[in-house]
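Here's a structure for you.
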Number of protein chains: 2
Amino acid sequence: MTTGKITIQDIAQLAGVSKTTVSRVLNQRPDVNPETRERILQIMDQQGFFPSLAASGLAGGRSRLIGALVSVIHWPLIPEIMRGIAEVIDQSPYELVLYSVNAGNDQKDYSDVIERILATKLTAGILAIYPGQSAAHLAELCREGFPLVMFDDQINPPEDISWVGADQKAGAYAATRHLLQQGHRRIAHIQGPLQFQVSLDRYQGYCDALAEAGIEVEPELVLQGDFMPTGGKECTTQLLQALEKRPTAIFAASDLMAYGVLSTITEYGLRVPEDIAVIGYDDIPFSRHAQPALTTVRQPLHEMGKRSIELLLQMIDPPEIKVRPWNHKSALRLQDAMAAPVLPASPVHIKLSTSLVVRASCGATQHSL
Amino acid sequence: MTTGKITIQDIAQLAGVSKTTVSRVLNQRPDVNPETRERILQIMDQQGFFPSLAASGLAGGRSRLIGALVSVIHWPLIPEIMRGIAEVIDQSPYELVLYSVNAGNDQKDYSDVIERILATKLTAGILAIYPGQSAAHLAELCREGFPLVMFDDQINPPEDISWVGADQKAGAYAATRHLLQQGHRRIAHIQGPLQFQVSLDRYQGYCDALAEAGIEVEPELVLQGDFMPTGGKECTTQLLQALEKRPTAIFAASDLMAYGVLSTITEYGLRVPEDIAVIGYDDIPFSRHAQPALTTVRQPLHEMGKRSIELLLQMIDPPEIKVRPWNHKSALRLQDAMAAPVLPASPVHIKLSTSLVVRASCGATQHSL
DNA sequence: CTGTTAGCGCGTTCAA
DNA sequence: TTGAACGCGCTAACAG
């Protein structure tokens, strides 16, 4: 516990070598005598030595920090995402710096935060979680070669940016199709704000399923919400007021909106799912405890979190070429690989699949777990 | 956007002064010619200059990073807390580094993480959120003069540690008292794990209210849960099995457990609140959307988050003495103040008050918002 | 394989 | 009120 402030210097003295050598083993360089390396490593952890990130960052020109740009820190999906991220970070030499934009108002531009991140040169890369409007800024960063990964929510397909997302269209398709299979024909859809790509994708999935069933999309059955319970309430009220043309099922683009849907339906003296079936989207931890338990589309958030940070770390430290130059051919390939500029590599797009979680709210007979 | 890498050097040249002077205005030193200062400041933000945190940390021996030690990153209370923290951090020159312990297992010891935090000397202080078992370690840190604030959950009252918490006892007291006022006499309490101070405090509040009403605590009505829905389910099942001695109200020590209580009661064909009233604890965002809407005790998490980080920042940068040395007396006081060692200051304890949020689940006639 | 020499960008002495 | 010089702890060229 009395880990005062051991430096490379100290280790070097104890091991009887120069600081350079210690630095080398620290950075996993191959060119160190195995015995020496072993001895140094031993001394290091027996002394409880950790290099100063500040110093190594300064000297090496690279940082050991990853910036996580979180737009809406209190969004219910965040914890699960962060859990995935933390798992990976814990196993890496990197630390996570949390940049929370939008701690106050919604309309705030992120550019100043981004500017600051870059200018302080504090982080080696950025993971942008639900970047929303600032996607453009970020894309520019990417083009300049700054390691950056976006977590979902890509507007105007930024081709040159790497992202990890979920198959929103397929998720919405599955949800809608499930309702159709239950015999529903009048299925309403409450969208999220159209400025988000996910809203469009989910709407598309909804349309696809209807089209497949030969049903035309009725404009009155498609309302725009705000992802929040309030929006769900308002839209549902509107839907229920059209007495003779009420839908028999409502597919909300977020669980939060679905909560508003559920309570509004109840307030109208109607029952879920007997009178109206409801499906949400996200599978927020609470949804299984809703009454009735909410059928919803689960996004593999934990997995997405892991994959996104893994991808980012990979962009920062490109994995070593495993091929050893035993012969001309492989030597040549190694040369090529090392000669090639690594940064403007082709962007990686990872789209994970969603899954429909069937619970009581959609009328299926399944148990609610 | 092309904020490449402007250094103090550049600013100094543009302003026609030495780097030292620029550094001075950066650190808000008073001994700079006002005109010069103004000019430099202007150039700085017209150039979009931000000092390198790494370099200034190295040189100055102090960091601009705050470490947030979060034990259970996916705990539903976290987002709201983080929102408060982010708000304050955004307004400060500090950044937040997220140390998530327990990304995997529960029993993991935090000491290695703490060790790492200290050894890398990366952070200027630590905010420990729900530190749980590692409180002892942290207390030691405090004693060594390291700036540290604990967010709630203090076990074995660590006197020399500063913390921010909520008045758990009063919250539980209010909840129980409310039930008593509704006429309930057999009130069960589902505790959280007893290793957490909050569990004990809430239990105490429960007992106090009963005692005040002249009711003895019945051991069969006090069960130990795990803060999770599952625990709520199990305990409720146990309570309901004692047919003739069923409670008429259940006070759960967390909203999550209350969800389990609600669903179990429903499964038993009973109604809330007609047959059994339910009150939870925390006021998780979702609780207002539960069916029936959950009466609960709200902790001012956002405020607590703000206060805790503010306190920590204050410990790191003790506020300047405002008194200017215009005369002998004040000059003397200034001297004294500056001579005194700042670090081992007396610990600050902030306890914010909770509030009962009455909704449908406890049988009050109030609307559920 | 190893040591030596320079800095990284900034804060902090000093002296002016 | 200002500037020059030194060093924080480490990495990155070089040479050996």
Side-chain angles (χ1 to χ4, degrees), chain A residues 3-41 44 47-65 93 116 118-124 316-317, chain B residues 3-41 44 47-65 93 116 118-124 316-317:
Chain A
T3 318
K5 31 180 167 184
I6 300 161
T7 73
I8 271 199
Q9 180 76 284
D10 305 326
I11 303 295
Q13 282 193 349
L14 290 175
V17 294
S18 74
K19 319 179 240 177
T20 314
T21 307
V22 178
S23 169
R24 277 194 256 265
V25 334
L26 218 64
N27 296 315
Q28 321 232 39
R29 297 286 182 79
D31 50 353
V32 175
N33 182 315
E35 288 175 26
T36 314
R37 168 194 303 277
E38 213 40 60
R39 186 155 40 92
I40 293 180
L41 281 174
M44 286 203 313
Q47 294 289 325
F49 168 77
F50 288 89
S52 150
L53 291 191
S56 69
L58 221 207
R62 71 147 165 265
S63 153
R64 281 295 184 207
L65 300 178
R116 197 180 59 186
L118 290 188
T120 55
K121 293 205 299 176
L122 190 64
T123 62
I316 295 170
D317 298 320
Chain B
T3 319
K5 30 180 168 181
I6 300 162
T7 74
I8 270 199
Q9 179 76 285
D10 305 326
I11 303 294
Q13 282 193 352
L14 291 174
V17 293
S18 75
K19 320 178 237 175
T20 314
T21 307
V22 178
S23 169
R24 277 195 256 267
V25 334
L26 219 64
N27 295 314
Q28 321 230 41
R29 297 285 181 79
D31 51 351
V32 175
N33 183 314
E35 288 174 26
T36 315
R37 168 194 303 278
E38 213 39 62
R39 188 157 38 92
I40 294 180
L41 281 174
M44 285 203 314
Q47 294 288 324
F49 168 76
F50 287 89
S52 150
L53 292 191
S56 68
L58 221 207
R62 70 147 167 265
S63 153
R64 281 297 185 205
L65 300 178
R116 197 180 60 187
L118 289 187
T120 55
K121 293 207 299 176
L122 189 64
T123 63
I316 295 170
D317 298 322

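Numbered from 1 within each chain, the chains take letters A, B, ... in sequence-line order. Heavy atoms only: backbone and side chains are in, while hydrogens, waters and symmetry mates are out. Computed from a prediction, not measured in an experiment: that's the story for all the values here.
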Nucleic acid contacts - residues 7-23 of chain A versus DNA chain D, non-hydrogen atoms under 4.0 Å =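 Residues of residues 7-23 of chain A under 4.0 Å from DNA chain D: A/T7, A/I8, A/T20, A/S23.
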CG-CE distance between A/D10 and A/M44, expressed to the nearest 0.5 angstrom =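 Rounded to the nearest 0.5 Å, the CG-CE separation comes out at 13.0 Å.
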ask   = Looking at A/L41, A/L26, A/I40, which one forms a side chain to side chain contact (heavy atoms under 4.5 Å, CB included) with A/F49?
value =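 Among the candidates, only A/L26 passes.
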key: Whole-Å gap separating P (D/dC10) and CZ (A/F50)   =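 It works out to 13 Å between those atoms.
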ask   = NA contact type, B/D31, heavy-atom cut-off 4.0 Å: base, sugar-phosphate, or nothing?
value =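 Base contact.
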key: Side-chain N or O of B/R29 closer than 4.0 Å to phosphate OP1/OP2 of C/dT12   =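 Answer is yes, contact under 4.0 Å.
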message = So if I take every side-chain heavy atom of B/L58 and compare against D/dC8, C/dG7, C/dT12, which nucleotide ends up nearest?
response =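 Per side-chain heavy atoms of B/L58, the pick is D/dC8.
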key: Atom of B/T36, atom of B/V17 and distance for their closest heavy-atom approach   =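 In this case the closest contact between B/T36 and B/V17 is CG2-CG1, 3.9 Å.
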ask   = If every non-hydrogen atom of B/S63 is compared with every non-hydrogen atom of B/A124, which pair is closest and at what distance?
value =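 Minimum heavy-atom contact is O-CB, 3.4 Å.
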task = Write out the stems for DNA chain C, ordered by first number and formatted as range with range, counting runs of at least 3 consecutive Watson-Crick or G-U wobble pairs under 3.5 Å.
result =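 So far as stems of 3 or more pairs are concerned, DNA chain C shows C:1-4 with D:13-16, C:6-16 with D:1-11.
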message = So A/R62, base contact, sugar-phosphate only, or nothing? Heavy-atom distance under 4.0 Å.
response =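 If one applies the 4.0 Å heavy-atom cut-off, A/R62 turns out to touch nothing in the nucleic acid.
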key: Any donor-acceptor N/O pair, B/N33 side chain to B/E35 backbone, under 3.5 Å   =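 Checking the backbone N and O of B/E35 against the side chain of B/N33, a donor-acceptor pair under 3.5 Å is found.
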ask   = Closer than 4.0 Å, any side-chain N/O of A/T36 to the OP1 or OP2 of C/dT2?
value =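 Yes, within the criterion.
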ask   = So how far is it from A/S52 OG to A/I6 CD1, rounded to the nearest 0.5 Å?
value =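 It is 13.5 Å, given to the nearest 0.5 Å.
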inquiry  = Has A/R37 got a side-chain atom pairing as donor or acceptor with A/R29's backbone, closer than 3.5 angstrom?
reply    =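 Yes; judged by distance alone, with no hydrogens or angles, the pair exists.
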key: Whole-Å gap separating P (D/dT11) and CG (A/L53)   =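 One finds 10 Å between P of D/dT11 and CG of A/L53, rounded.
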request  = Could you please name the option among D/dG9, C/dC1, D/dA12 that lies closest to any side-chain atom of A/A55?
outcome  =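 Nearest to the side-chain atoms of A/A55, counting from C-beta on, is D/dG9.
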inquiry  = Could you tell me how far apart B/R24 (CZ) and C/dG11 (P) are, to the nearest whole angstrom?
reply    =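 That distance rounds to 11 Å.
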key: Gap between atoms CG and C1', on B/N27 and C/dC10 respectively (whole Å)   =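 That distance rounds to 9 Å.
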ask   = Which is true for B/G60 with a 4.0 Å heavy-atom rule: it touches a base, it touches only sugar-phosphate, or it touches nothing?
value =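 Sugar-phosphate: the residue B/G60, judged by heavy atoms under 4.0 Å, touches backbone atoms but no base.
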query = What closest approach, in Å, do B/V32 and B/R24 show between heavy atoms, and which atom pair accounts for it?
reply =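 Scanning both residues, the minimum pair turns out to be CG2-CB, 3.7 Å.
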query = DNA chain D: B/V32 or A/S52, which has the more 5' nearest nucleotide?
reply =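 That would be B/V32.
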message = Looking at every heavy atom in both B/A12 and B/K19, which two are closest together, and how far apart are they?
response =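 So the two residues come closest at CB-N, 3.7 Å.
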ask   = Roughly, in whole Å, what's the span from CZ in A/R39 to C1' in C/dT2?
value =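 Going from A/R39 (CZ) to C/dT2 (C1'), I get 12 Å.
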